A.B. asks: 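Okay, handing you the structure first.
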Amino acid sequence: QVRLMESGGGMVQAGGSLRLSCGISGDTMCISAMRWHRQAPGQKRELVATLTTGGDANYADSGKGRFTINSDNAKTTMFLQMNSLKPDDTAIYYCNVAVGIPPAEPMCAAQYNDGMDYWGQGIRVTVSS
């Protein structure tokens with residue numbers, strides 16, 4: 001199993017920057033992808049950024065050009081750098097990892113029933129005007 005915990009949130013004025021961190025512990029060998037999501041009050045949770053273990057990064061249109069996702073080589077921490085923040089970026093941000101998704105190593109696929117997701121508890125980001 002994998003445990004996740006976000007840090008680095010808080011309040012910032014529009015135009016400012018924040019860097020969120022997500023500590024990853026437990027069984028990290030079968031991670032297939034790392035993701036950041038966010039959920040504003042009364043809104044559905046939305047995908048913000050994805051990083052595969054192969055190093056490919058993808059971004060939602062809302063953060064493209066402003067947000068950057070990356071991780072350390074040991075896969076013990078993932079980051080979301082957020083620049084030029086807007087009030088619409090105000091939300092609770094969640095880190096997420098996908099584990100054991102085929103074509104992962106057969107032992108990983110078997111251990112995690114061809115794919116499972118783990119989530120952090122979320123951290124608040126507030127951007128003021």
Side-chain angles (χ1 to χ4, degrees):
Q1 294 186 333
V2 180
R3 298 174 182 176
L4 307 173
M5 180 171 291
E6 301 92 343
S7 62
M11 294 192 300
V12 65
Q13 290 186 328
S17 298
L18 284 174
R19 185 175 69 173
L20 303 182
S21 299
C22 178
I24 307 170
S25 61
D27 182 11
T28 65
M29 299 302 297
C30 293
I31 292 175
S32 298
M34 306 176 184
R35 305 185 182 100
W36 285 96
H37 296 74
R38 69 185 184 186
Q39 186 169 21
Q43 303 295 316
K44 297 180 179 179
R45 188 173 299 183
E46 64 174 338
L47 176 65
V48 176
T50 300
L51 180 68
T52 70
T53 54
D56 296 323
N58 292 282
Y59 302 92
D61 288 341
S62 59
K64 192 174 299 182
R66 301 186 297 121
F67 293 0
T68 303
I69 184 173
N70 68 297
S71 69
D72 65 348
N73 291 333
K75 298 187 294 184
T76 57
T77 311
M78 57 186 290
F79 305 94
L80 183 68
Q81 177 68 45
M82 302 185 291
N83 299 326
S84 302
L85 284 163
K86 308 173 182 179
D88 285 348
D89 294 319
T90 296
I92 297 176
Y93 285 72
Y94 300 86
C95 60
N96 154 251
V97 296
V99 185
I101 297 176
E105 291 288 338
M107 64 168 292
C108 292
Q111 181 178 356
Y112 293 102
N113 298 311
D114 294 328
M116 295 182 65
D117 283 291
Y118 293 89
W119 295 84
Q121 64 182 8
I123 190 165
R124 179 171 294 278
V125 171
T126 302
V127 184
S128 61
S129 301

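Keep in mind the model is a prediction, meaning the values are calculated, not measured.
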A.B. asks: Between Cys108 and Met29, what is the shortest heavy-atom contact and its length?
C.D. replies: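 It is SG-O, 4.3 Å.
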
A.B. asks: Verify side chain to side chain contact (heavy atoms under 4.5 Å, CB included) between Glu6 and Leu20, making sure each step is shown before the conclusion.
C.D. replies: CA-CA 7 Å; Glu6 301 92 343; Leu20 303 182; over 6 Å; no

A.B. asks: Applying side chain to side chain contact (heavy atoms under 4.5 Å, CB included), run through Trp119 and Arg45 and close with a yes or a no.
C.D. replies: CA-CA 13 Å; Trp119 295 84; Arg45 188 173 299 183; 3.4 Å; yes

A.B. asks: Using atom types as modelled, flag every donor-acceptor pair under 3.5 Å from a side chain in residues 54-61 to any protein atom, sequence neighbours excluded.
C.D. replies:
from: Tyr59; atom 1: OH; to: Ile69; atom 2: N; distance (Å): 3.0
from: Asp61; atom 1: OD1; to: Lys64; atom 2: NZ; distance (Å): 3.2

A.B. asks: Phe79 and Leu47: same hydrophobic cluster, using ILVMFWY side-chain contacts below 4.5 Å?
C.D. replies: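 They do not share one cluster, since no chain of ILVMFWY contacts under 4.5 Å joins Phe79 to Leu47.
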
A.B. asks: Output side-chain donor-acceptor pairs under 3.5 Å for residues 97-104, partner residues at least two apart or in another chain, one line each.
C.D. replies:
none

A.B. asks: Keeping to residues at least two apart or across chains, list the side chain to side chain donor-acceptor pair (under 3.5 Å) pairs with something in residues 67-80.
C.D. replies: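 Listed by first then second residue: Asp72-Thr76.
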
A.B. asks: Between Met116 and Leu51, is there shared hydrophobic-cluster membership here, with clusters defined by ILVMFWY side-chain heavy atoms closer than 4.5 Å?
C.D. replies: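 They do share one cluster, since a chain of ILVMFWY contacts under 4.5 Å joins Met116 to Leu51.
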
A.B. asks: Can you name the nearest heavy-atom pair linking Leu85 to Leu18, along with the distance?
C.D. replies: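 Closest approach of Leu85 to Leu18: CD1-N, 3.9 Å.
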
A.B. asks: Transitively linked via ILVMFWY side-chain contacts under 4.5 Å: Ile92 with Val12?
C.D. replies: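 Shared cluster, no.
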
A.B. asks: How about Glu46: does its CD atom have over 12 heavy atoms from other parts shown lying under 6.0 Å from it?
C.D. replies: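 Counting neighbours around CD of Glu46, more than 12 heavy atoms of other residues, nucleotides or ligands fall under 6.0 Å, so yes.
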
A.B. asks: Taking the hydrophobic residues Ile, Leu, Val, Met, Phe, Trp and Tyr, and joining any pair whose side-chain heavy atoms are under 4.5 Å apart, which ones share a cluster with Met11?
C.D. replies: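 Hydrophobic cluster check, Met11: no partners found.
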
A.B. asks: In a check of side chain to side chain contact (heavy atoms under 4.5 Å, CB included) between Ile24 and each of Arg3, Met78, Met5, which one passes?
C.D. replies: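 Testing Ile24 for a side chain to side chain contact (heavy atoms under 4.5 Å, CB included) against Arg3, Met78, Met5 leaves exactly one candidate, Met78.
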
A.B. asks: Can you get from Met34 to Ile123 by hopping between Ile, Leu, Val, Met, Phe, Trp and Tyr side chains that sit under 4.5 Å apart?
C.D. replies: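 Looking at the clustering, Ile123 is in the same group as Met34.
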
A.B. asks: Which pairs, with at least one residue in residues 86-103 and sequence neighbours excluded, count as a side chain to side chain donor-acceptor pair (under 3.5 Å)?
C.D. replies: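 Qualifying pairs: Arg35-Asn96, Arg38-Asp89, Arg38-Tyr93, Arg66-Asp89, Asn96-Asp117.
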
A.B. asks: Considering only residues two or more places apart or on different chains, which pairs with a residue in residues 17-33 satisfy side chain to side chain donor-acceptor pair (under 3.5 Å)?
C.D. replies: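 The answer is Ser17-Asn83, Asp27-Gln111, Asp27-Tyr112.
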
